[in-house]
Protein chains: 2
Amino acid sequence: MATQPDAGAKAREPLSRERVLRAAVALADEGGAESLSMRRLARELGVVPMALYKHVANKDEMLDGMVDVVVGEIDPPVADIDWKPAVRRRVLSARRALLRHPWAPGVLESRTNPTPAVLAYMESMIGMFRAGGFSIDLTHHAIHAMGSRLFGFTQELFDDTADAGAAPDPEVVRALAAFPHITELMLAITHDQSSVVGPGCDDQLEFEFALDLLLDGLERLRDRA
Amino acid sequence: MATQPDAGAKAREPLSRERVLRAAVALADEGGAESLSMRRLARELGVVPMALYKHVANKDEMLDGMVDVVVGEIDPPVADIDWKPAVRRRVLSARRALLRHPWAPGVLESRTNPTPAVLAYMESMIGMFRAGGFSIDLTHHAIHAMGSRLFGFTQELFDDTADAGAAPDPEVVRALAAFPHITELMLAITHDQSSVVGPGCDDQLEFEFALDLLLDGLERLRDRA
DNA sequence: ACCTGAACACCGTTCAAGT
DNA sequence: ACCTGAACACCGTTCAAGT
């Protein structure tokens, strides 16, 4: 019994590419990218592993499809507004979409070739800069300077979001003694944000700060030219 | 014979944590992160897989160690210069170290807890901003705004570096017809850089452009406060 | 006490055998 | 022609049996 495919509620309707992708996204949403395996996904769908390969070429191509599902959730551009708020709003919409799917940044970064939805999104963003009076060259620099921020995320290399309420681990305290600047920074953050619900460091605030820093800098370069 | 551990030249001296890490870095340098498995590494060292676990707790902890090897290759800070060239030079040194180990950005991003060398590097970089007259708050914003650029890399989401010499793939040309802005951008790049050896898009130039954009923007914010 | 072979619980994907 | 069970060539790690 345990080894048999689980013929659950959703097992009846026939498999399709879309159903495979939707199930894969759901599975990754629940358990993260590392819990998404072809075998596990097949079990979830009440299907033998090989059945998936009728609808996706292989796991990599399935991940491409999943990326396009998420990128497809980004709101369309708002028309008839200036380039800066246009870019800003679209990037923040992308951020909301990606935050709904925590596995998406990692998977997006792992793709070697851009998927159709990613290309369409880039096309649209490039168009916003061009419409805002940016030269081709400066637009190119801008796209690179934005990097993954264009898609609403940044890879945080070390986790600021210390739990302000938690008792400080003596192990951690001893380790941090060797790093006075880091300690100072973390203490300042948790103190400043003590009135804020949740983590000690507001990622959304930091994201918008850097986004505006870049957009303002790019605008200045455009005006100088 | 094929199934026996390969007792090669380097098989004689006893295993140590350092030897394991050096071999792991070398293996990843050659074949990329995905070719680094505990079993393959053991074979390379002429040793049974389980022997590795005497020197590293598990694969994750080994990856931590590898990160510290690479971060340890970053040049120490240059003393007695202004904060901006100090940060700039250190970041570009970090970039050179990471470019020597193409697997390092991905592995660095996959770490959940900062390793000792990473903490020491952050401590030093934070100190540079503080010495440059940045408030704790602005320093905190700066660290976030820099993101992985502090370590000399940015995750490129789609590969600009088209081979200018290669014949255009008709498949690609047809696909790009739907994206005129992207096409325009790529044509402009390959044309402008036609005198440059190598890829159509100079990543180093783009990296330094964005780095200076950020550092200039941060300086302006510091002066305004 | 130390070391290690076999085993466990997985992978993604191929392929030949079954309907 | 379609579908799928078994098999292949791997993983990281545990554990008990051997020295």
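As a basis for the values below, the full set of heavy atoms in this structure was taken, side chains included, without hydrogen atoms, waters or symmetry mates. What you see is a predicted model; the values in this text were computed from it and never measured. So you know, we letter chains A, B, ... as the sequences are listed, proteins then strands, and number each from 1.
Both tests do not hold together for B/R95 against B/F153: distance to the six-membered ring centre under 6.0 Å, angle to the ring axis within 45°.
A distance of about 24 Å separates the C1' atoms of C/dT13 and D/dT13, rounded to the whole Å. With both ends at atom P, the span from C/dC10 to D/dA9 equals 22 Å, rounded to whole Å. Rounded to a whole angstrom, the distance from the P atom of C/dG18 to that of D/dC8 is 16 Å.
Using a 4.0 Å cutoff to heavy atoms of chain A, the contacted part of DNA chain C runs 5' to 3' from C/dC11 to C/dC15.
Looking at residues 103-114 of chain A, you'll see that no heavy atom sits under 4.0 Å from any atom of DNA chain D.
Ring geometry for B/F151 against B/Y121 counts as tilted: the plane angle lies between 30° and 60°, on a 0 to 90° scale.
Between A/M50 and A/S35, the residue anchored closer to the 5' end of DNA chain C is A/S35, taking for each the nucleotide with the nearest heavy atom. Comparing A/R39 and A/K54 along DNA chain D, the residue whose closest nucleotide (by nearest heavy atom) sits nearer the 5' end is A/K54.
Salt bridge B/E73/B/R96: absent, no basic N to carboxylate O contact under 4.0 Å. Salt-bridge check for A/E61 with A/R17: passed, with a basic side-chain N closer than 4.0 Å to an acidic carboxylate O.
Using a 3.5 Å distance cut-off with no hydrogens or angles, the side chains of B/E18 and B/H55 do not pair a donor with an acceptor.
No more than 12 heavy atoms of other residues, nucleotides or ligands shown are found within 6.0 angstrom of CZ on B/R89.
The side chain to side chain donor-acceptor pair (under 3.5 Å) contacts involving residues 104-114 of chain A comprise A/D64-A/R111, where partners must be two or more places apart or lie in separate chains.
Nucleotide D/dC15: paired with C/dG5 (Watson-Crick or G-U wobble, both distances less than 3.5 Å).
Evaluated for a side-chain contact (heavy atoms from CB on, under 4.5 Å) with A/E208, the options A/V91, A/L92, A/L213, A/D203 yield exactly one hit, A/L92.
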